[in-house]
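Some notes on the structure that comes next.
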Protein chains: 2
Amino acid sequence: MNGSSKDDLLQLENFLCFSVYSAGHAFNRIYKPLLDELGLTYPQYLVMVALWQEDNQSVRSIGEKMYLESNTLTPLLKRLEANGFVVRKRDPEDERSVRVRLTEVGKVLREKAQDVPPCILEATGLDTETAKRLNRDLRTLRDQMDASVKKL
Amino acid sequence: MNGSSKDDLLQLENFLCFSVYSAGHAFNRIYKPLLDELGLTYPQYLVMVALWQEDNQSVRSIGEKMYLESNTLTPLLKRLEANGFVVRKRDPEDERSVRVRLTEVGKVLREKAQDVPPCILEATGLDTETAKRLNRDLRTLRDQMDASVKKL
DNA sequence: CAACATTAAATCGTGCACAATTTAATTGCA
DNA sequence: TGCAATTAAATTGTGCACGATTTAATGTTG
């Protein structure tokens, strides 16, 4: 009469990967209306957060923080540039790399974006401590999985 | 001297959404080589799990379980059909809906897919109990966020 | 039963992700 | 010095996600 039968392994809801997958989509959905007002998509917003944290980063540096590569970032950054939030420019020190810098508009956007995180936290229904714990657990999980990938 | 300054709110790593986002990508990466052997993408695999759990579902039913809609599922299911894993057929009872059924190949694939979950669990580095707890917390989070979306 | 509303898929356009490849600059070392 | 290896972005092609709209079948109501 215990709850764990062999069938449980095939229940979608029992897949940790599916919970991460569907929670990711749910985040996307709650961010959407808030980010629409800023003129950003969800991944663009995350890149902007990385740039507000440290301006004038190379594509490679942004990629390391975001776990993304140039094939994803280049078009995304071009859109941010087309929308006037950043400027992309080859690094004179090393012409292979491209430096991404915030425009004035991009810097000002940070102020408007201040309201977003509290709104999201409220929508999650989590208290700060639980959110922190979950965050820590998920970072550990991600790092462990990335380490597994590299091992093979 | 405490660890929580105002700046912490702008650190990418302190964003719960980013941890979910990047953990999702990490899952994708560890699943990739295993699913390549089955001839499935990661979202296709999740749909197959839903069908192994319950065959002969409508697109709508699959969508409810996956939190996806026909604009995502229709092309995905067509690819599964093109690859011989499922058959799509209008429901004679209600010609609006489309029934998705596993082919023999699709059913047999389930056996080959048995090895996947234990491999993934190992790559996560989590013990079963921690994985279950995380899973439960993430489902709660997702459901809470979805409820927030609908409220507005 | 006829007009209207609702429902289920499909279609279309945009923007991620990512594998594989290409282009160009820099580094290293024979 | 010169040339192969390495590195950084960009490009190309495929497959999700998702908003908005369309098409077609079913329900509902006067």
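In what follows, chains carry the letters A, B, and so on, assigned in the order in which the sequence lines appear, proteins first and then strands, with residues in each chain numbered from 1. Since the structure is predicted, the reported quantities are computational estimates derived from the model, not experimental observations.
The interatomic distance linking Arg90(B) (CZ) with dT23(D) (C1') rounds to 10 Å, in whole Å. Between the CD1 atom of Ile30(A) and the P atom of dC18(D) there is a distance of 13 Å, rounded to whole Å. Here the P atom of nucleotide dC18(D) and the CG atom of Leu73(B) are 10 Å apart, to the nearest Å. At whole-Å resolution of the value, CD in Glu93(B) and C1' in dT26(D) are 13 Å apart. Rounded to a whole Å, the CD1 atom of Ile62(A) is 15 Å from the C1' atom of dA10(D). Nucleotide dG27(D) holds its P atom 6 Å from the CG atom of Asp94(B), rounded to whole Å. Atom CG in Leu77(A) sits roughly 8 Å away from atom P in dA10(D) (whole-Å rounding). Separating the CG atom of Leu46(B) from the P atom of dA17(D) is a distance of 8 Å, rounded to the nearest angstrom.
Counting only residues at least two apart or on different chains, the ring pair (Phe, Tyr, Trp, His ring centres under 6.0 Å) pairs with a member in residues 44-83 of chain B are Tyr31(B)-Tyr45(B). The stretch residues 76-85 of chain B participates, sequence neighbours left out, in these side-chain hydrogen bond (donor to acceptor under 3.5 Å, both in side chains) pairs: Glu81(B)-Arg88(B).
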Nucleotide N/O of nucleotides 4-7 of chain D paired with protein N/O under 3.5 Å:
residue, atom, partner, partner atom, Å
dT7(D), O2, Arg96(A), NH1, 3.4

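In this structure, Lys78(B) does not reach the dT14(D) phosphate: none of its side-chain N or O atoms is under 4.0 Å from OP1 or OP2.
Using a 4.0 Å heavy-atom distance criterion, Arg88(A) is classed as a sugar-phosphate-only contact.
Atom CD of Glu37(B) sits in a sparse spot, with 12 or fewer heavy atoms from other residues, nucleotides or ligands closer than 6.0 Å.
Contacts of Phe85(A) classified as ring pair (Phe, Tyr, Trp, His ring centres under 6.0 Å), with partners at least two apart in sequence or in another chain: none. For Lys32(A), the salt bridge (Lys or Arg N to Asp or Glu O under 4.0 Å) partners at least two apart in sequence or on another chain are Asp36(A).
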Whether each nucleotide of nucleotides 15-22 of chain C has a protein heavy atom under 4.0 Å at its base (B), only at its sugar-phosphate (S) or at neither (-) is summarised, 5' to 3', as SSBBBB--
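Side-chain polar atoms of Ser22(B) and Arg142(A) form a donor-acceptor pair below 3.5 angstrom.
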Evaluate the side chain to side chain donor-acceptor pair (under 3.5 Å) criterion for residues Thr130(A) and Asp127(A): first the C-alpha distance (whole Å), next the side-chain angles of each, then the deciding distance (0.1 Å), finally the verdict. CA-CA 6 Å; Thr130(A) 309; Asp127(A) 59 283; 2.5 Å; yes
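In this structure a side-chain-to-backbone donor-acceptor pair under 3.5 Å is missing from Thr72(A) to Leu68(A).
By the 4.5 Å heavy-atom criterion applied to side chains, Glu13(A) and Arg139(B) are counted as neighbours.
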